[in-house]
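Notes for the one structure printed next.
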Amino acid sequence: MSKGNVYLLRHGQTYWAVSGQHTGRTDVPLTETGRQQAIEAGERLRADHPEPFAAVFCSPLVRASETAKLAGFDATPCNDLMEWDYGRAEGRTRGQIGEALGRTWNLWVDGPQAVPESLGEERVETLPDGHQVTVHLTEGELLDEAFARASRIAEKAREYADRGEDVLLVAHSHILRLVTCAWVDMPAADGRKFELGTARYVVLGDHKGQPVIERWGA
C-alpha cells in the first residue's frame with residue numbers, strides 16, 4: 001500500500017504579515033487580499049487534490065480558521081497548530097527588536113526570551129482597517145517547546161499517511177516549518193532555512209521509506 005501525503009497550508013495575508021510584525025498568538029484577522037488568497041488557495045488545492053482529504057485540521061486562531069473556511073474546507077481546530085508564541089516579540093518587527101537589543105536578533109537562534117523587557121508592554125493596536133487587536137504577551141516559547149508541538153502534529157499526520165490517507169493542516173509559517181523539520185528529521189533550527197508565503201502550501205510524503213518534502217510553496 002502506498003503512503004499518503006500531508007498538505008500544509010499557510011493562512012492568507014494579514015496586515016502584520018505585510019508590516020513584518022511578529023504574529024504569534026495575537027488574533028489578527030485576514031486582510032481583503034488575504035481572504036481572496038484563501039479562496040484561490042482552495043482552488044489550487046482542489047485542482048491538485050480533487051478527492052476529499054481524510055481529515056483537515058487548523059489552528060484555532062482566526063487567520064487560519066478563516067483561511068480554511070474560505071478555501072472550502074471543514075476543519076477541526078487543533079491547539080498544537082497555533083503559531084510559535086513569540087512572547088515580547090509579539091507585534092514587533094525584527095528591526096525594532098534589534099534596535100532595542102543593540103544587535104541583530106534572530107528568533108531561531110536567540111528566541112523570544114532575548115527580547116528586551118522594555119518591548120513587552122500591554123497594548124491594543126489599531127490595524128489600517130480600524131480593527132483593534134489586543135497584543136498577546138507572555139514569556140514566549142522556547143524553540144524546543146514549539147518543536148515538541150510540531151513533532152506531535154507530524155506524528156498524528158503520519159498515522160494517516162501510514163494508512164494511505166491524505167491529510168490537510170492549515171496554520172502558520174513558523175509552526176508549519178517546524179512540522180516539516182519534524183517530518184524529515186531535521187533539527188528544529190533548520191526551519192529558518194525555509195520560506196513559506198501567505199496562502200501557499202507544502203506537500204510532505206514518503207519516497208522508498210524516507211520521509212520527504214515533495215513540493216514547497218505551491
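- Side chains of D166 and F53 form a contact here, defined as non-hydrogen atoms less than 4.5 Å apart.
- Cluster partners of L70 are L30, I39, counting Ile, Leu, Val, Met, Phe, Trp and Tyr whose side-chain heavy atoms approach within less than 4.5 Å, directly or via other members.
- Think of V62 as one node in a network of Ile, Leu, Val, Met, Phe, Trp and Tyr side chains linked at under 4.5 Å; it has no links at all.
- Proximity of a side-chain donor or acceptor of R177 to a complementary backbone N or O of L196 within less than 3.5 Å is not detected.
- The shortest heavy-atom contact between A75 and A68 is CB-CB, 3.9 Å.
- Looking at S59, its side chain never comes within 3.5 Å of a backbone N or O of A64 through a donor-acceptor pair.
- Considering only residues two or more places apart in sequence or on other chains, R44 meets the salt bridge (Lys or Arg N to Asp or Glu O under 4.0 Å) condition with none of them.
- Placement of V203 and M186 in two distinct hydrophobic clusters is found when ILVMFWY residues are connected by side-chain heavy-atom separations under 4.5 Å, directly or transitively.
- Under the side chain to side chain donor-acceptor pair (under 3.5 Å) rule, Q21 has a single partner from E125, Q96, E90, which is E125.
- A distance of 8.5 Å separates CD in E99 from OG1 in T93, rounded to the nearest 0.5 Å.
- By the 4.5 Å heavy-atom criterion applied to side chains, L8 and T180 are counted as neighbours.
- Taking D162 as the reference, K3 meet the side chain to side chain donor-acceptor pair (under 3.5 Å) condition, with sequence neighbours excluded.
- Rounding to the nearest 0.5 Å places CH2 of W84 at 15.5 Å from CE of M82.
- Cluster partners of V212 are absent, since no Ile, Leu, Val, Met, Phe, Trp or Tyr has side-chain heavy atoms less than 4.5 Å from it.
- Proximity of a side-chain donor or acceptor of W183 to a complementary backbone N or O of I213 within less than 3.5 Å is not detected.
- Cluster annotation: V184 is connected to I153 through the hydrophobic network of ILVMFWY side chains, with a link wherever side-chain heavy atoms come within less than 4.5 Å.
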Could you go through T26 and R63, starting from their C-alpha distance and side-chain angles, then the distance that decides it, and tell me whether this counts as side chain to side chain contact (heavy atoms under 4.5 Å, CB included)? CA-CA 10 Å; T26 302; R63 59 192 185 274; 5.9 Å; no

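- Residues W216 and I175 are members of one and the same hydrophobic cluster, defined by side-chain heavy-atom contacts under 4.5 angstrom among Ile, Leu, Val, Met, Phe, Trp and Tyr.
- Within the model, atoms CZ of F194 and OG of S173 stand 11.5 Å from one another, a figure rounded to the nearest 0.5 Å.
- If you take OG1 on T14 and CG on L61, they are separated by 11.5 Å, rounding to the nearest 0.5 Å.
- L204 places none of its side-chain heavy atoms less than 4.5 Å from the side chain of P211.
- Between V6 and L169, some side-chain heavy-atom pair lies under the 4.5 Å cut-off.
- In this structure, the salt bridge (Lys or Arg N to Asp or Glu O under 4.0 Å) partners of D190, at least two apart in sequence or on a different chain, are K193.
- Remark: E139 engages R88 in a salt bridge (Lys or Arg N to Asp or Glu O under 4.0 Å) (not counting sequence neighbours).
- The same ILVMFWY cluster, assembled from side-chain heavy atoms under 4.5 Å apart, contains both V56 and L9.
- Relative to the ring axis of Y86, R92 does not place its NZ or CZ within 45° and under 6.0 Å from the centre.
- Separating the CZ atom in R10 from the NE2 atom in H172 is a distance of 9.5 Å, to the nearest 0.5 Å.
- In this structure R94 satisfies the side chain to side chain donor-acceptor pair (under 3.5 Å) test with no other residue, sequence neighbours excluded.
- Listed for the E83 side chain is no donor-acceptor partner under 3.5 Å among the backbone atoms of T23.
- By the 6.0 Å contact criterion, CD on E121 is enclosed, its count of non-hydrogen atoms from other residues, nucleotides or ligands being greater than 12.
- Among residues two or more places apart in sequence or in another chain, the side chain to side chain donor-acceptor pair (under 3.5 Å) test is passed with D48 by Y201, R215.
- Ring orientation note: the planes of H174 and W108 are tilted relative to one another, at an angle of 30° to 60°.
- Between A154 and A182, the shortest heavy-atom distance links the atoms CB-CB, 3.9 Å.
- Looking only at side-chain heavy atoms (C-beta outward), F57 and L81 come within less than 4.5 Å of each other.
- Looking at H131 and T126, their side chains never bring a donor and an acceptor atom within 3.5 Å of each other.
- For an aromatic pair to be called close, the ring centres must be under 6.0 Å apart, and H22 with W105 satisfies this.
- Residue pairs meeting the side-chain hydrogen bond (donor to acceptor under 3.5 Å, both in side chains) criterion with at least one member in residues 143-157, sequence neighbours excluded, are D80-R152, E141-R149, E155-R158.
- Looking only at atom types and distance, the side chain of E32 has no donor-acceptor partner in the side chain of Q13 under 3.5 Å away.
- Counting all heavy atoms, side chain and backbone alike, G140 lies closest to P112 at CA-CB, 4.3 Å.
- Heavy-atom minimum distance, E214 versus D206: OE2-N, 3.9 Å.
- Rounded to the nearest 0.5 angstrom, T104 OG1 and I97 CD1 are separated by 11.5 Å.
- Within a 6.0 Å radius of CG in D129, more than 12 heavy atoms belonging to other residues, nucleotides or ligands are found.
- As a member of the Ile/Leu/Val/Met/Phe/Trp/Tyr network built from side-chain separations under 4.5 Å, L127 groups with Y15, W16, V28, V133, V135, L137.
- In this structure, the side chains of L143 and L178 come closer than 4.5 Å at one or more pairs of heavy atoms.
- Residues G72 and R46 share a closest heavy-atom pair of CA-NH1, 3.9 Å.
- Shown here are the side chain to side chain donor-acceptor pair (under 3.5 Å) partners of K208, two or more places apart in sequence or in another chain: there are none.
- When every heavy atom of T198 is checked against every heavy atom of A17, the shortest pair comes out as CG2-CB, 4.3 Å.
- Looking at heavy atoms from C-beta onward, F73 lies in side-chain contact with L168 at the 4.5 angstrom threshold.
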